[in-house]
Amino acid sequence: MTENNTPFIEDNDQTRARREHLDKIQQLTGNAYPNKFRRTNLTASAEGEDTITSVVARFKHHEPPRIEGQRPTPEQLEAANAELKTLGDVRVGGRLSVPPRVMGKAAFVHLSDGRERLQIYVRRDDVRPMQHRGRELDGWELFGLLDHGDFIGVEGFLFVTKTGELSVHVRAFEFLAKALLPMPDKMHGISDPEIRQRQRYADLIAGSLKIDKDNETGAGGEAQEARELTTREVFERRSKIIREMRAFLDERGYIEVETPMLTPIASGAAARPFKTHHNALDIDLYARIAPELYLKRLVVGGFERVYELNRNFRNEGISTRHNPEFTMLEFYCAYMDVNGMMDFCEEMLRQSVIKATGDTAVRFGDEEIDFGKFERLTMKQAIAKYWDYEELSGEKFDVSWLDEPLRTFHMLHFWDSIEFDLAEAAQTANNDVERSLAIEFTKQRVKDHIWKEAKAGGSLTAISKIDRNVDTPKEVKVAHAIEGLFERVAEPHLVQPTFITDFPKPISPLSKASPADPSVAERFELYIAGMECANGFSELNDPVEQYERFKEQAGARERGDEEAMQMDTDYVRALAYGMPPAAGIGIGIDRIVMLLTNRRSIRDVILFPHMRPAAAAPKPEEATDAQAESIDAQAGGKA
RNA sequence: GGGCCGAUAGCUCAGUCGGUAGAGCAAGUGGCUUUUAACCACUGGGUCGCAGGUUCGAGUCCUGCUCGGCUCACCA
């Protein structure tokens, strides 16, 4: 047995053939991995060298207009080729995006630079290698050793083939790098979503190789519009959105800063952190869950407009909307309040969406989401608006009910009974008749008992069902109940951009109370497509009150709420130097990108999303609790 | 954690009632000097996710497990 020095390559007929080709190329050229390839710059491209994209963009128009099922006339070809001939030779590099189509003594193949493809044409009697070991080397022989996916650099003149395609007639070429692994299927790409996410490079290659006939033949504007973005286009758009948001802030006097990722205290949001250890200092550090408290220290220090666009880390579950590390844009503006921030956020998103997509409306699944107008509702209004069990309760929902704590709990209990008991009734039934009977029975029971109790303001049994912890202060329980109701009743319906305002104060420890109603915070969250996309508020700048709020959070922590916010005494001290009134916001960039690229999973808009390691089969006990843990609405980092 | 679906050649998939493992692409050989999902001919390629069970006989039926997807639940 010889030593296996390529354990990362499966051994099969495909890889063996490629390896044999590589050995022969190495023998013939002396160097199968040359260090550089000098390209021309006929296109005067931004890169300073001709790329396949720049060549296609610059010279594609020489192709005669295509007519279905017809070849261009000899006159058309002659005219195009006469013009192209004056350009002289072009040198470009790329990956063989198809297996060579060899026809005896000539061959066609396409090269790709990841974005565009350009056809090259090689003739046996008219091609020489640029590289050799001092002796004669047959270019055709070297060409025969090329595999789908290899990189080569070519030199030759541009021309248009009989079928009308812009191509390079190659006179000389250089072998640049080998693809030892077979390329993804040219028609299907990579269908396994796991491989797409785990091996993003293969996904991106597949996108550049995939032959999309509708797209190739320029089927027209409408078809183009309906087409799904490729993986590459998703990330190009992501880059563009981020660039536009930065530009929007930069133009308005915001300064970008970087605050610590590794922090001694993980605070500024309600979430559990990742823990690590600094050896030299011998202290534990936490990956930040939010930059909020650092950014506000900077507002104290005189940065009136400041932003940070970077990763937050939360040690929580993974879902289609949650990745353990995610990108958040957080910014603060002195002298502004929550209303100004909502206006600003709305304008910023609208502008960025237009610049990234060309329109204010985007298609997301079956929905069309319009960034042209954002709705604003208080949390209680939202509950009332989407309370759709009037038929069951027999009367219209009245917002004022939510002003009574006990009744609020019963409303939550009522809702849960409807949702869960009906689901259970449907599940335990053995047949359709039984099922409809069970559902009717449950409905009647809910209406006769739970609803009546709820309306009456009933007993405490409902509360103990929702929160058994007797030490929790009543206001906190009520706050959680209202929020719980909101999440169940309203959140799934918030498809069009909607600001939810007037959050209960106890769940908003960093925001100012509303002057109009001290029980609510001047805080909002932006919901789009049922997802929490942003979270902002009038920043609490009274150090004494902030200290008290932190202490309340510490109490919640002691009662077992692991996500309650951590006291940060240095931050409170910073506030004691005086912070101007200010508004702040955190925007979940990944979720915005999901909306603008029509991707249902956050893993499709993160290049390398976190996944369980491929090889390591987890032990049974590890497998279970990693996922059962709580998942917070991570876009809502600000709070 | 529950429910549903899936795992078969390098890739994408088919495989009927339980009876010798299939196609297209890719690969190898030969042919073809303007093809384009090139074409024509021939050839090689399989631990049917893993472990048990039923059976004369299992890709197929049963049980358990692993991995993945969707979904529900959990969720500041």
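In what follows, chains are A, B, ... by sequence order, proteins preceding strands, each numbered from 1.
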Would you mind pulling out the nucleotide paired to B:U20, Watson-Crick or G-U wobble, both distances under 3.5 Å? none
Pairing partner (Watson-Crick or G-U wobble, both distances under 3.5 angstrom) of B:U66: B:A7
Using a strict threshold of under 4.0 Å (side-chain N to carboxylate O), is an ion pair present between A:E475 and A:K477? no
Find the distance A:E487:CD to B:A76:C1' and express it as a whole number of Å. 7 Å
Is any NZ, NE, NH1 or NH2 atom of the basic residue among A:E545 and A:R549 found under 4.0 Å from an Asp or Glu carboxylate oxygen of the other? yes
A:K178 NZ to B:A27 C1', straight-line distance once rounded to whole Å: 12 Å
Between A:K162 and A:P506, which residue's closest nucleotide on RNA chain B lies nearer the 5′ terminus? A:K162
Any strand is fair game: report the nucleotide pairing with B:U55 by Watson-Crick or G-U wobble, both distances under 3.5 Å, or none. none
Less than 4.0 angstrom from a charged side-chain N to a carboxylate O is my criterion; do A:D150 and A:R95 meet it? no
Sugar-phosphate only, base, or nothing, as touched by A:F486 at under 4.0 Å among non-hydrogen atoms: nothing
Quantified in whole Å, what is the P atom distance between nucleotide B:U20 and nucleotide B:G59? 10 Å
Between B:G44 and B:U29, how far apart are the two C1' atoms, rounded to whole Å? 10 Å
A:W140 CH2 to B:U33 P, straight-line distance once rounded to whole Å: 9 Å
If every non-hydrogen atom of A:F537 is compared with every non-hydrogen atom of A:E522, which pair is closest and at what distance? CB-O, 3.0 Å
Please determine, for the side chain of A:N12, which listed nucleotide (B:G10, B:U34, B:G28) has the closest atom? B:G10
So what does A:R71 hit on the nucleic acid, given a heavy-atom distance under 4.0 Å: a base, only sugar-phosphate, or nothing? sugar-phosphate
Round to the nearest Å and state the distance from A:E78 atom CD to B:U34 atom C1'. 16 Å
Where does the angle between the aromatic ring planes of A:F159 and A:Y121 fall among parallel (under 30°), tilted (30 to 60°) and perpendicular (over 60°)? tilted
Nearest whole angstrom, please: distance from the P of B:A76 to the CD of A:E292. 18 Å
Nucleotide B:U34, atom P - distance to CG of A:N81 in whole Å: 15 Å
For atom C1', what is the distance between B:G45 and B:G6, given to the nearest Å? 25 Å
Expressed in whole Å, how much space separates the C1' atoms belonging to B:U16 and B:A58? 16 Å
Remember a base hit wins even if backbone is also touched, and classify A:R123 as base, sugar-phosphate or nothing at under 4.0 Å, heavy atoms. base
Given the side-chain rings of A:F486 and A:Y386, with only the six-membered ring counted for Trp, is the space between their centroids under 6.0 Å? no
Polar side-chain contact A:Q553-B:A76 base: donor and acceptor under 3.5 Å: yes
Check the side chains of A:N535 and A:R523 for a donor-acceptor pair under 3.5 angstrom, ignoring hydrogens and angles. yes
Pairing nucleotide - B:A38, Watson-Crick or G-U, each distance under 3.5 Å: none
Only pairs with both distances under 3.5 Å count, Watson-Crick or wobble alike; so what is the partner of B:G1 in this structure? B:C72
Taking the same atom, C1', in B:C17 and in B:U60, what whole-Å distance lies between them? 10 Å
With nearest nucleotide decided by heavy atoms, which residue, A:P182 or A:T161, maps closer to the 5′ end of RNA chain B? A:P182
If I pick the C1' atom on B:G19 and the same atom on B:G31, what distance separates them, to the nearest angstrom? 42 Å
Heavy atoms under 4.0 Å, any strand shown: does A:V102 hit a base, just sugar-phosphate, or nothing? base
Identify whether the distance between the nearest side-chain nitrogen and carboxylate oxygen of A:R171 and A:E155 falls below 4.0 Å. no
With respect to the side chain of A:H480, which nucleotide from B:A76, B:U34, B:A38 is positioned closest? B:A76
Reckon A:E10 touches a base, only the sugar-phosphate, or nothing at all at heavy-atom distances under 4.0 Å? nothing
Salt bridge A:R488-A:E491, side-chain N to carboxylate O under 4.0 Å: no
Table of protein N/O atoms under 3.5 Å from nucleotides 42-48 of chain B N/O atoms:
from	atom 1	to	atom 2	distance (Å)
B:G44	N2	A:D13	OD2	2.3

Any base atoms under 4.0 Å from A:R603, or only sugar-phosphate, or nothing? Heavy atoms, all strands. sugar-phosphate
Taking the C1' atom in each of B:A14 and B:C65, what is the distance between them to the nearest angstrom? 27 Å
Side chain of A:Q119, base of B:U35: donor and acceptor closer than 3.5 Å? yes
Whether A:R18 contacts B:G28 is assessed here as follows: a side-chain N or O lying under 4.0 Å from the phosphate OP1 or OP2. Is that the case? no
Please tell me if A:R101 has a side-chain N or O lying less than 4.0 Å from either OP1 or OP2 of B:U35. no
Nearest-Å distance, CE (A:M103) to C1' (B:C40)? 14 Å
Tell me, yes or no, whether the heavy-atom count around A:E78 atom CD, taken from other residues, nucleotides or ligands under 6.0 Å, exceeds 12. no
Under 4.0 angstrom between A:H148 side-chain N/O and B:A27 OP1 or OP2: no
At under 4.0 Å between heavy atoms, what does A:H169 touch on the DNA or RNA strands: base, sugar-phosphate, or nothing? nothing
Using atom NZ of A:K105 as one end and atom P of B:U34 as the other, report the distance to the nearest whole Å. 11 Å
Does the pair A:E20/A:R16 count as a salt bridge with the N-to-O cut at 4.0 Å? no
Interatomic distance at P, B:G10 relative to B:U47, whole Å: 7 Å
When we call it a touch if two heavy atoms are under 4.0 Å apart, what does A:D561 touch: a base, just sugar-phosphate, or nothing? base
